[in-house]
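A quick write-up on the structure given underneath.
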Amino acid sequence: MLRLFNRKKPAIDGSTPITAARYVVIDTELTGLDEKKDSIVSIGALRMTGGRIDLSDTFYRLVSPRTEMK
């Protein structure tokens, strides 16, 4: 499971090339396109190092939306 808050390494400064950076990509699926009235259906995240995806460190959850799916 993705551990977003257990960071022990120093933050990356702006001079770090993207090929050396470690970061997390987050994706959400919503019931519609209006963020004021639609709600989240699922949340996913994965860790990347440069252009490489770390499939051993991912997160995915389905959420019960508060609004009807369109």
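In what follows, residues are counted from 1 in the order of the sequence shown.
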Quiz item: In Å and rounded to the nearest 0.5 Å, what is the CZ to CG distance from Phe59 to Leu46?
Solution: 12.0 Å

Quiz item: Could you state the interatomic distance from CG (Leu62) to CD1 (Ile40), rounded to the nearest 0.5 Å?
Solution: 12.0 Å

Self-check item: Nearest atoms (heavy-atom pairs only) where Ala45 meets Val24
Solution: CB-CG1, 4.0 Å

Self-check item: Salt bridge Arg47-Asp54, side-chain N to carboxylate O under 4.0 Å
Solution: no

Quiz item: Is there a donor-acceptor contact under 3.5 Å from the side chain of Thr31 to the main chain of Ser39?
Solution: yes

Quiz prompt | Any donor-acceptor N/O pair, Tyr60 side chain to Ser42 backbone, under 3.5 Å | solution = no

Quiz item: Just how far is it from atom CD1 of Ile18 to atom CE of Met48, taken to the nearest 0.5 Å?
Solution: 8.0 Å

